[in-house]
Structure formats: structure tokens, C-alpha cells
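Have a look at the structure below, then the notes.
All chains are named by letter (A, B, ...) in the order of the sequence lines, taking the proteins before the strands, and each is independently numbered beginning at 1.
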Amino acid sequence: MDFGSINPVLLLASVMVSATPILFAAIGELVVERSGVLNLGVEGMMVTGAVVGFAVAVNTGAPLPGFAAAALASAVLSLTFGVLTQVFLSNQVATGLGLTLVGLGLSALIGKPYEGMKSPTLPRIDLGPLTDLPVVGRLVFGHDIMVYVALALVAGVWAFLRYTRAGLILRAAGENHDAAHALGYKVIRIRLAAIFFGGACAGLGGAYLSLVRVPQWTEGMTAGAGWIALAIVVFASWRPWWVLVGAYLFGGVTVLQLNLQAAGAQVPVALLSASPYLVTILVLVVISARGHHGAPGSLGRPFHASQ
Amino acid sequence: MIRLEKRRQPSTFWSAMAPLMAVLLTMIVGGAMFAALGVDPVAAIRTIFWDPLFNPQFASYSRPQLLVKAGPLILIAIGLSLGFRAGVWNIGAEGQYIMGAICGAGAGLIFYPSESVLIFPLMVIAGGLGGWVWAMIPALFKTRFGTNEILVSLMLVYVAESILASVSSGLLRNPEGMGFPGSRNLAQWDASANRELISGTGMHWGVVAAFIAVILAYVLLSRHILGFQVRLSGAAPKAARLAGVSPARIVIFCLGTAGALAGAAGLFEVAGPAGQISIDFNSGYGFTAIIVAFLGRLHPVGILFAGLLMALTYIGGELAQLMLGVPGASIQLFQGMLLFFLLGVDVFTHYRLRPTAREAA
């Protein structure tokens, strides 16, 4: 075993890259859940974003249109969930599962011709001397643009929820939809908007997987990333900056286990490849054992104005 | 302006009609999808729903497949439906199915090449136990710490898949398999084979178990106090607690039953139709069973029919792949759409449409 081959700076840099897809999906889902909706379809939206982003990037030869298309496609797909749960008042858990199954099927169908292809990928930004700084340069100034977009999104969501009136209304709809409704806010519209935003974020996360992280399309390539994003929202107790912590923590475990596998550590491969999921379970258990949840009051409950 | 008005009582008419409407809508939208893929939609729908049963050329092969595929789906869905009724969301049946198969196959292979008649029953029990233990993990976390069972049970699917990958090329690998991954073929070993019981029907022990599970679940839900408590916990959790129903007991019962049934289904599959533990012997039955449970209205008899219908889409899908070149993934999408439409149509079970003169505030 040769730990010496693991460069800590590159390791941290790759942690940031490997955390970005989950970070996108989790920050979107956080907004959805803060509005009072539990969308379990993150995995389906991510995988759809992954395939649409890949297909568009391959066809246009540029990654950025891919990201835009991925966000749009996943957001539109998430609206099927929105309409079913908000207008047709279907069970959110079941509909979210359905969304995941539909997304996996849809993406496999769209992605068939693209298997084994290579996509154009995002270049790392280059700020000249800044990027050439030792350690800091690579970590802070040496990523592709989407890593920064994800970070900006976290800051934006935090500021939106904390400082804006719209954010306050969104939280009101999530904490107590009957009270929000009585105050005259359009609960259903607010939630549909939140679901749309969550879908777009999941799509960006998926596209980051297929365009930067891997970068290739394989069927079902999200491999549970959407579910882990859901777990991270719980881990974060619905707070934006903690989503960032959770995503980087998780990215760290993923990268570490890959590095350990590559370094030939004397640990069974099955244990290593299962470790991200085991860590997620462990974190969920610890969080729930601590007893502090902070879940929005109306989370997952259907809203019907007559009641 | 039309608005939804809550019904005092769920409509029995719509409760029964919703699955049929959903199937019809799926056929229409699915047909449009096939047309968009450049396949004749009428031919595609006929190939999926009609040819496997009635086309003289294919029916002799496909009809037995109906039970082979429906067996595990029904068995798993029956277990899941108990939990879904009680508000216990076990969506990791796929993992419980895999672990059941591994444990059951392992328990049998210890005794290879004995020909004892006790081996197959032992494998079934070990399979059920394997699935049960795997489901107990989220159950215990849920009851002990209040951990979300949806996420834990699902994470355990990925853990089970890595264990499967590991044992099929390690612990359970066929020593005479010239180094290829995959266990000994259980279907070809007399003591462990889960054989077709009546030739030409596809009926094997797993199908028998599925039928028994349907009957037992029906009796449980309609005649037994535990079944009543399960239904009560889902419909009115507060009332259930006040009536002295222990939520922890319901969680453990629902997850445990679902796990044991899924584990047994995994063993029946691996000792029969699949034949061996290999890295991809599982074909997503654990996830499709969720659709089956909902399509069957979480009712045992409904699940029986839903399982057969879903099995038909699998077989018909394969046929359409072969005959019309329809991509395999489109069937997956087809099944997902079915669940979506069902959930949408279901609104009419609990609500009715009312025209209103003015917009509700």
C-alpha cells in the first residue's frame, strides 16, 4: 500500500469536484422541502439531467448549453410531480418514487445512442498567477465554473431564505400551509415554483456528473446520488450552509474510498465501495438520535384549500 | 372554474376504476411514445399486452413466464403493501431480495453436494431470514432513534449490491467455474432446484408462496386485529396510539414481513429462474414491486392482478424488443408512467369535481 502517492491538495480538489453534483441536488431539494414538499424523485431528475445535458453537449459541442438544457429538462420533469402532488393531491412519497422510476426509464431510453461516447467537458478556469499559487491556487482558483456556481447557489439560497420577503413566504408555506393560505399566499403556486427550482438544480447536478465528473453517459450513472442528496438535507437540518458541509463530507468519503481502492488498501473492495452509503446511514442515525430535526412543519403533508 | 371537493367517503367506483383508467392512459401515452420512436403504436401495444398470451407463435413460451415473473413481484408487493398501509415506507425491497438470495444460496451451498430433501426448505428459511435481517436494520433505527426508514432502506440496496458483487466473485464463486464470477448453478442441483411444479405453467414454489401470501394477507387485513392495527396506524396514527397500538411494533412487523417475503422471493428466483448468484441476477423486481403494490390498491387481491399485469409488461416488453426493436428502457418508462397515471387518476377516489361560480379564495 502506498499512501505517499495520494497528494493532499489534489485530493481536496477532487473532493470539491465529487461533491458538486450532490451539492446542486441537495440545495435544490432543500428549497423544495422548506416550502413543505418532500420530493423523493431527486434521483430521477438527476439522471434525466445527466442524459439530457450529455446529449445536448455532444450535439452542440459545448458543455454550457448542456447544463442549461439539463436544468430545463429536469425542471419540466419535476413539474409532473408538482402537478400530481399539488393539483391532483397525490401522495408525495409514492409520486416521488414514481418520478425516480420514470426518470430512470426515460434517461435509459434517451441515452441509448450516447453510450460510450465522449462529451466536451468544462475547462478549469485559469486566473494566471492566482491559479499558480501553491495549494490555495489549485483549491480556490483552479476549478471549473460549475463548482463556483454551486457555491454561489448555496449562498444565494441562504440569503434568499434568510433576508428576502419571498423567502419568508416560502418558509411560511412550509411551516404551516394553512396559516400561509389564510394570509392570502398562494401555497400551491409557491410550492410549484419551489419544485421547479429543485428540479433545475437536480438537473445541473446530473449534468455535472455526466459532463465533468465522469464524463460519460452510462445507464443509471447517478447510482444513488439523488438519494444521498436527500439524506444530506436531513443531515443539514434544512440549513443551506450545512448542506455544503454535508456534501463536501460525503464527497470526501467517496474520493477517499476511490483512492484507497487505487492504492490497494487491505480493506475488502465491497466495504470500500459501500462506504459512502454506510456513512450516509451512520450520519442519518446519529442525526436522528440527537433528536434535533428542524424539519418544516408541513413537510410532506398534502394541502387542500377546503380544509 | 372547476374545483375539487373532498368526498365524505372514498368512492368505491373510482377506487376500482382508477387502475383500469391508468392502464388505458398509459396505453395511449405509451402508444404516442412508441410512435415517436418510429414504431407502429398499435402493433407495439398488441405485442406487449396481447401476443404473449394469445399469439399461437409465442404463447407457449410466454404464458408460463407470466407466473415466473409475477411470483416474485406479488410476493414482494404483498409485504410492501402492509407497510405502505401503515405509513412505513420500505423502498429497499431490492436489497432485502438480494440478501435473501445470498443467504439462502449460501445456506444451501454449505451442504453441496448432499442430496438431502431438507436442503431446499432450509434455503427458503435462510433466504427469508436474510431478507428479514436486512429489513430489521432500518426497522431498529426507526424505532430506536426515529431515523427515516425511506433513506436507510434505500441506502442498504446499494450496500447489498456491493455485497452481491463481492460474494459472486469470492465467497460463493463456483470452485469449478474456471474463475468466472457466479455461484454453482442451484437450478441444476437436485437438492436445491426450485423446479417447475406443473409442467408448462411456470408454477414454482415461489409462485405457490406468493398465492399463500395473498390469502394470508387478505385474512390478516380483513379478519385479524394486527391487520386492523396496521390499517389504523396508517389512516389515523394518533387514534392508533390512543388505542394502545405500539408504533414500534407496527414498524417492526411491517418491515420484517416485507423483508422476509422479499428475501424468500430472492431465494426462489436464484434457485429457479436465475439459477445462480451472479453480479446481475437481480432484475429490479424490488423496485417494480412498489408499482405493483400501488397498482393493486395495496389490497392483496388487487396486488395479485397487478403483479400479473406487470409481469405481462415485462414479457411483452421483451417480445416488443425482439420483434419491433423497441428499446428495452421504454418498458421501464412504460411501467413508471403507469404508476404516475394511477396516482393522478386516484384523486377522483377522494375528491369530486365541482363547478364553482366564483373562484375560491
Practice item. Run the numbers on Ser162(B) and Tyr277(A) for side-chain hydrogen bond (donor to acceptor under 3.5 Å, both in side chains), then give the verdict. Key: CA-CA 10 Å; Ser162(B) 358; Tyr277(A) 309 106; over 6 Å; no

Review point. Heavy-atom distance under 4.5 Å to chain B: side chain of Ile110(A), backbone, both or neither?
Key: neither

**Study point:** Under 4.5 Å from any heavy atom of chain B - which part of Val93(A)
**Key:** side chain

Point to revise | Contacting region of Leu271(A) [heavy-atom separation from chain B under 4.5 Å] | key: neither

Exercise for review: Examine whether an atom of Phe141(B) lies under 4.5 Å from a heavy atom of chain A, and if so say whether it belongs to the side chain, the backbone or both; otherwise answer neither.
Suggested key: side chain

Revision key, fill the gap. The interface call for Leu284(A) against chain B, heavy-atom contacts under 4.5 Å, is both

Check your understanding: Going through the checks in order, is the side chain to side chain contact (heavy atoms under 4.5 Å, CB included) test met by Met21(B) and Phe341(B)?
Key -> CA-CA 8 Å; Met21(B) 291 277 293; Phe341(B) 282 120; over 6 Å; no

Check your understanding: Run the side chain to side chain contact (heavy atoms under 4.5 Å, CB included) check on Val345(B) and Met17(B) step by step: do they pass?
Key -> CA-CA 9 Å; Val345(B) 177; Met17(B) 281 303 288; over 6 Å; no

Review point. Is chain B contacted by the side chain of Thr280(A), its backbone, both, or neither, given a heavy-atom distance below 4.5 Å?
Key: side chain

Check your understanding: Can Thr222(A) and Glu43(A) be said to form a side-chain hydrogen bond (donor to acceptor under 3.5 Å, both in side chains), step by step?
Key -> CA-CA 7 Å; Thr222(A) 43; Glu43(A) 178 85 2; 2.8 Å; yes

Review point. Measuring from Thr254(A):OG1 to Leu272(A):CG, what's the distance to the nearest 0.5 Å?
Key: 11.5 Å

**Study point:** Separation between OH of Tyr158(B) and CG of Leu278(A), rounded to the nearest 0.5 Å
**Key:** 14.0 Å

Point to revise | Ring centre gap for Phe54(A) and Trp217(A) strictly below 6.0 Å | key: no

Review point. What part of Leu343(B) lies closer than 4.5 angstrom to a heavy atom of chain A: side chain, backbone, both or neither?
Key: both

Practice item. Verify the neighbour count for atom CZ of Arg144(B): are there more than 12 heavy atoms of other residues, nucleotides or ligands below 6.0 Å? Key: no

Practice item. Please look at Ile150(B) and chain A and tell me whether the side chain, the backbone, both or neither of the residue comes under 4.5 angstrom of a heavy atom of that chain. Key: side chain

Review point. Tell me, side chain or backbone of Leu333(B) under 4.5 Å from chain A's heavy atoms, or both, or neither?
Key: both

Point to revise | Heavy-atom proximity to chain B below 4.5 Å, by part of Val83(A) | key: neither

Check your understanding: What residue, out of Met33(B), Gln332(B), Glu161(B), has the most heavy-atom pairs lying under 4.5 Å from chain A?
Key -> Gln332(B)

Practice item. Please find out if less than 6.0 Å separates the ring center of Phe235(A) from that of Phe250(A). Key: no

**Study point:** Top of Thr288(B), Val152(B), Ile137(B) for chain A proximity - count of heavy-atom pairs under 4.5 angstrom
**Key:** Val152(B)

Review point. Among Val87(A), Leu101(A), Val102(A), which residue forms the greatest number of heavy-atom pairs with chain B at distances under 4.5 Å?
Key: Val102(A)

Check your understanding: Is it the side chain or the backbone of Leu342(B) that comes within 4.5 Å of chain A heavy atoms, both, or neither?
Key -> neither

Review point. Does any heavy atom of chain A fall under 4.5 Å from the side chain of Leu37(B), the backbone, both, or neither of them?
Key: side chain

Exercise for review: Select, from Thr85(A), Thr100(A), Leu99(A), the one with the greatest count of heavy-atom pairs under 4.5 Å involving chain B.
Suggested key: Leu99(A)

Practice item. Say whether Glu33(A) and Trp238(A), considering side chains only, have a donor N or O and an acceptor N or O under 3.5 Å apart. Key: yes

